[in-house]
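These numbers were taken from a predicted model, which means no experiment stands behind them. Because only heavy atoms are used, hydrogens play no part in the values below, and waters and symmetry mates are left out as well, while side chains stay in.
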Amino acid sequence: MRFFLLFICVATAINGCEKGGINPSNLTGKWELRHYSGTIAGVSKDLPAGNGTMLQFNADSTYKHFTDFKQDNQGSYHISPKGVLFGGVRYDGISFDDRTTKDFIVLKADSLTIGNTFPDGVTSLYIRKSN
């Protein structure tokens, strides 16, 4: 049941996004993880503001990942317009470090959702911290 509710929430969020695709300049900046959900166990966890788990997207298509305010990963990313098929509909995709698998990505004014389409996949919600 939890997976079904998660699927409905994610599909609704994706359906509400712009149809013109993600403009990478709107993605640039720091984003803090505030919620994640998924896995086969149906995990759903809220994180407080200031938790230090962040993604930073740069204009040169590079990213940095931070845990507890310390950088623990970096690399490149690529946006694929309509690059992910989810629920029979194509959505924008993001791939990190030239991986062939893509996650779906939904960008709104101050929130960013990244997730994959696997049944036990994780969906993460980020809130914009800075441009």
Side-chain angles (χ1 to χ4, degrees):
M1 183 68 173
R2 281 184 167 176
F3 177 75
F4 179 73
L5 290 174
L6 172 66
F7 178 80
I8 295 298
C9 290
V10 170
T12 302
I14 290 173
N15 192 35
C17 71
E18 291 182 20
K19 302 298 181 202
I22 291 180
N23 181 343
S25 66
N26 293 338
L27 187 60
T28 302
K30 283 190 178 179
W31 300 84
E32 183 178 55
L33 181 65
R34 298 299 288 282
H35 181 85
Y36 66 89
S37 59
T39 77
I40 200 90
V43 172
S44 182
K45 182 164 175 103
D46 289 320
L47 300 169
N51 66 69
T53 301
M54 295 180 285
L55 270 173
Q56 176 181 320
F57 291 99
N58 302 310
D60 64 354
S61 296
T62 60
Y63 76 94
K64 294 179 181 178
H65 185 271
F66 299 84
T67 302
D68 293 326
F69 300 101
K70 295 179 183 137
Q71 182 181 328
D72 57 6
N73 199 5
Q74 67 181 17
S76 61
Y77 71 91
H78 176 74
I79 303 293
S80 301
K82 307 295 180 195
V84 174
L85 182 63
F86 183 65
V89 179
R90 290 219 164 265
Y91 297 99
D92 292 336
I94 187 167
S95 57
F96 293 95
D97 302 319
D98 297 323
R99 284 186 250 156
T100 56
T101 58
K102 296 178 187 75
D103 295 329
F104 69 82
I105 183 168
V106 177
L107 176 63
K108 294 189 177 181
D110 289 327
S111 69
L112 173 68
T113 303
I114 300 175
N116 64 51
T117 59
F118 301 116
D120 60 347
V122 174
T123 299
S124 302
L125 172 66
Y126 293 84
I127 302 299
R128 184 181 295 278
K129 294 300 284 180
S130 66
N131 287 337

Residue list, side chain to side chain contact (heavy atoms under 4.5 Å, CB included) with L85, at least two apart or on another chain
R90
Partner residues of K129 under the salt bridge (Lys or Arg N to Asp or Glu O under 4.0 Å) criterion, sequence neighbours left out
E32
Contacts of D110 that satisfy salt bridge (Lys or Arg N to Asp or Glu O under 4.0 Å) - sequence neighbours left out:
R128
Report yes or no: does D92 contribute a side-chain atom to a donor-acceptor pair with the main-chain N or O of I79 at less than 3.5 Å?
no
Considering all heavy atoms, the nearest N26-W31 contact
O-CZ2, 4.0 Å
d(F57 CZ, T28 OG1) to nearest 0.5 Å is 9.5 Å
Ring pair (Phe, Tyr, Trp, His ring centres under 6.0 Å) involving F96 - partner list, sequence neighbours excluded:
Y63
Residues passing the side chain to side chain contact (heavy atoms under 4.5 Å, CB included) test with H35, sequence neighbours excluded, are S37, S44, D46, L125
Under the rule for side chain to side chain donor-acceptor pair (under 3.5 Å), what residues qualify as partners of T62, not counting sequence neighbours?
N58, D60
Partners of D72 by side chain to side chain donor-acceptor pair (under 3.5 Å), sequence neighbours excluded?
H65, T67
Test of understanding: clusters of I, L, V, M, F, W, Y form through side-chain heavy atoms closer than 4.5 Å, transitively. Do V122 and I127 belong to the same one?
no
Rounded to the nearest 0.5 Å, how far apart are OG1 of T113 and CZ of F104?
7.0 Å
Which residues pass the side chain to side chain contact (heavy atoms under 4.5 Å, CB included) test with T101, not counting sequence neighbours?
R99
Closest heavy-atom pair, V84 versus G93, reported as atoms and distance to 0.1 Å, is CG2-CA, 3.5 Å
Given a cutoff of under 4.5 Å between side-chain heavy atoms of I, L, V, M, F, W and Y, with clusters grown through shared members, what are the other residues clustered with F69?
M54, F66
How far does CG of L33 sit from OG1 of T53, to the nearest 0.5 angstrom?
6.0 Å
Close side-chain approach of R34 and N51, heavy atoms under 4.5 Å
yes
Qualifying residues under side chain to side chain contact (heavy atoms under 4.5 Å, CB included), relative to V89, sequence neighbours excluded
Y91
Nearest-0.5 Å distance that lies between atom OG in S124 and atom CG in N116:
9.0 Å
Spacing of L55 atom CG and I94 atom CD1 [to the nearest 0.5 Å]
8.0 Å
